[in-house]
Novice: 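Take a look at this one; I'll ask things after.
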Amino acid sequence: MRISSEHASQQTIRFSDFSGGLNTTDAPESIAENELSRSINVEIYNGQLKTVAGDRAVYKSSSVSFDSIIYDSIESKILLTDTDRNVYLLEDGTLTSKGTLTGTAEIQYAAWEDGVIIASGGKLQYYHGGTLEMLANSPDVCRGAFIKQGRVWTFYDDELKCSAVGDETAWTNDSNDASSSQYLQVGYKDGGKIVGVCSLSSDVLIFKDNHHAYHLAGAYPDWSLSEIGRQIDCKGYHACVALGNSTLTLGRAKMQAVNVTDDYGDMMARDISQKIYQDIVSLPATVRLRYLPSLNQVWLLAGTLTFLFLDVTTGGWFTRRYNEGVIDAVEADGSVYFLKHNGLYVLDESLQSDDGYDMVWRFEPKTLTSDNNYLIKRIRIDTTPLHIGHADEKIRVGRVHLNVTQPESARYVYDNHEVVYGSTIQLVSNHVKPISRTSEELYMSQEEVYGSTMPLVAKSTYRAETRCVDREKSIRTLVYGHGGVTVFNSIAFEIVEV
């Protein structure tokens, strides 16, 4: 049948690439086709968009208000601190007091020998072998801690100080011994104080509160200190983070990336936050940047229910939302842990809930506008559910609403395929068939595979679609729901401009 001349201009709009992430700077109709005007609890997964993993509680307390995570990667131990500066070891579900921090400033730490060095604004402390030890000879004020060329380093004001080689207890300088404790003034009389240090292999980047940044290379006595820029801002003591061979630093109005493998100069820092400018400006100086390698994401944590995160692979920005504010996060032994004031939690890919509460997710791609009207004729959405139960998932295009198709397993009662009380008719007679499969049927087994928490389910693609007649001046697309771990392959609709 020939299409009437009125509908000869029919076109198919398809959204499948969401790698551009959030763009809250431009109007929804002005963003790129791979960008989102809204994004809550979705992330990039193998190049596609997926709802984020849920979580389960590792330890909760009604009497302790937690503040920070310290991960001892040498001994594979998790330490927690509270708002009263107490330090605890969390092991096998038991919280054991290990002492008190020496300072009242933000905590920084670094793996060292058989434990972890901790800086909190007072003297350095060393946790190892189950004991929290104060390094009595370390400087009186230590605002940070990092390791370089076999020395423990710290900083305060405009000075870097390091211990003797291989000895965290030795902090006395001997001019006749190059292996003794050393110090270095950064930016002589430039009026700034050090607020951030990122150690990258043999290089160190140093950020000051006057927007000056420096590069330290080499080992004493052949080390070299050079200025790399005067417009590289670092908002606070946790506002910079190392990523392989580059560093991210968060300033008052932008996030910048500095590549340490290239030549250095005033223009070396690159702004990567132009699309979320207003969100960056609103962040407090106490924000904590945390890099999580298995997700390849940087979380920007300020204790709020909703927070930004950067997908390092694509450079896209997204947001997560939890039922209570997240204050810290760390990756330990391949798992992602995060801290709320009431306890420690771990991400769980088999869940789409936060401590048992629903995690609402939604995203909104580009809005289409026309000088005339759009006639929407058909809508379809292709998804790959990674869950086995029912989830409340919907899409709205213009004024047309459509439920997202759920997996076959969601249509049974507790996966029961048997008849009920002698009935010869199954509870569900109309099975939903996937439009494609990646593997053979796995019979809905719930057994674990080598400790994996994900159930054995065949990854199949399902399609929900509807024919419709809806006239709109502009077409806004919104996908939303809760309760399911779902990959969104594509959203498509057929429209005619009339």
Novice: If the test is side-chain contact (heavy atoms from CB on, under 4.5 Å), which one of Thr51, Leu386, Leu295 qualifies with Tyr45?
Specialist: Leu386

Novice: Yes or no on salt bridge (Lys or Arg N to Asp or Glu O under 4.0 Å) for Asp157 and Arg143, after CA distance, side-chain angles and deciding distance?
Specialist: CA-CA 9 Å; Asp157 204 319; Arg143 292 304 306 264; over 6 Å; no

Novice: Strictly below 4.0 Å, N to O, side chains only: are Lys275 and Asp26 in salt-bridge contact?
Specialist: no

Novice: Does Phe309 have Arg320 sitting over its ring (NZ/CZ under 6.0 Å from centre, angle to axis within 45°)?
Specialist: yes

Novice: Under 4.0 Å between a side-chain nitrogen and a carboxylate oxygen: does that hold for Arg288 and Asp328?
Specialist: yes

Novice: Indicate the atoms forming the closest heavy-atom contact of Val281 with Lys235, along with that distance.
Specialist: O-NZ, 4.1 Å

Novice: So which atom in Leu305 and which in Gly325 form the shortest heavy-atom distance, rounded to 0.1 Å?
Specialist: CD2-N, 3.4 Å

Novice: In sequence, state the C-alpha distance, the side-chain angles, and the governing distance for Tyr71 and Tyr337, and then conclude on side chain to side chain contact (heavy atoms under 4.5 Å, CB included).
Specialist: CA-CA 10 Å; Tyr71 177 53; Tyr337 295 86; over 6 Å; no

Novice: Indicate yes or no: at least one non-hydrogen side-chain atom of His211 is less than 4.5 angstrom from one of Ile232.
Specialist: no

Novice: Measure the spacing between CE of Met255 and CG of Leu300 and express it to the nearest 0.5 Å.
Specialist: 4.5 Å

Novice: Under a 4.5 Å cut-off applied to non-hydrogen side-chain atoms, are Gln406 and Pro385 in contact?
Specialist: no

Novice: I want to check something: taking the side chain as every heavy atom from C-beta on, are Val360 and Asn41 in contact at a cut-off of under 4.5 Å?
Specialist: no

Novice: I need the minimum non-hydrogen distance between Thr83 and Asp67, along with the two atoms involved.
Specialist: N-CB, 4.1 Å

Novice: Does Arg56 qualify as a cation-pi partner of Tyr345, given the criterion of NZ or CZ under 6.0 Å from the six-membered ring centre and within 45 degrees of its axis?
Specialist: no

Novice: Do Trp112 and Trp153 have ring centroids that are under 6.0 Å from one another?
Specialist: no

Novice: Which atoms form the tightest heavy-atom contact between Gly196 and Cys234, and what is the distance?
Specialist: CA-SG, 4.4 Å

Novice: Taking NZ, NE, NH1 and NH2 as the nitrogens, is one of them in Arg151 or Glu168 under 4.0 Å from a carboxylate oxygen of the other?
Specialist: no

Novice: Between Lys366 and Glu35, does any NZ, NE, NH1 or NH2 come within less than 4.0 Å of an OD or OE carboxylate oxygen?
Specialist: no

Novice: Give me the atom names and distance for the closest heavy-atom approach of Cys198 to Thr247.
Specialist: SG-CG2, 3.7 Å

Novice: Is Asp233 paired with Lys254 through a side-chain N to carboxylate O contact shorter than 4.0 Å?
Specialist: no

Novice: How about CZ on Arg85, more than 12 heavy atoms from neighbouring residues, nucleotides or ligands closer than 6.0 Å, or not?
Specialist: yes

Novice: Would you call Arg476 and Glu29 a salt bridge, taking side-chain N to carboxylate O under 4.0 Å as the test?
Specialist: no

Novice: State, yes or no, whether a side-chain contact exists between Ile70 and Thr81 at a heavy-atom distance under 4.5 Å.
Specialist: yes

Novice: Does the side chain of Thr486 pick up a donor-acceptor pair with the side chain of Glu393 at under 3.5 Å?
Specialist: yes

Novice: Could you tell me whether the side chain of Glu133 reaches within less than 4.5 Å of the side chain of His128, counting heavy atoms only?
Specialist: yes

Novice: Assess the pair Trp361 and Phe488: is the distance between their ring centroids shorter than 6.0 Å?
Specialist: yes

Novice: Would you sort out whether Trp299 and Trp317 count as a ring pair (Phe, Tyr, Trp, His ring centres under 6.0 Å), showing the intermediate values?
Specialist: CA-CA 10 Å; Trp299 291 11; Trp317 293 91; over 10 Å; no

Novice: Check Lys193 with Asp158, please: is the shortest side-chain N to carboxylate O separation under 4.0 Å?
Specialist: no

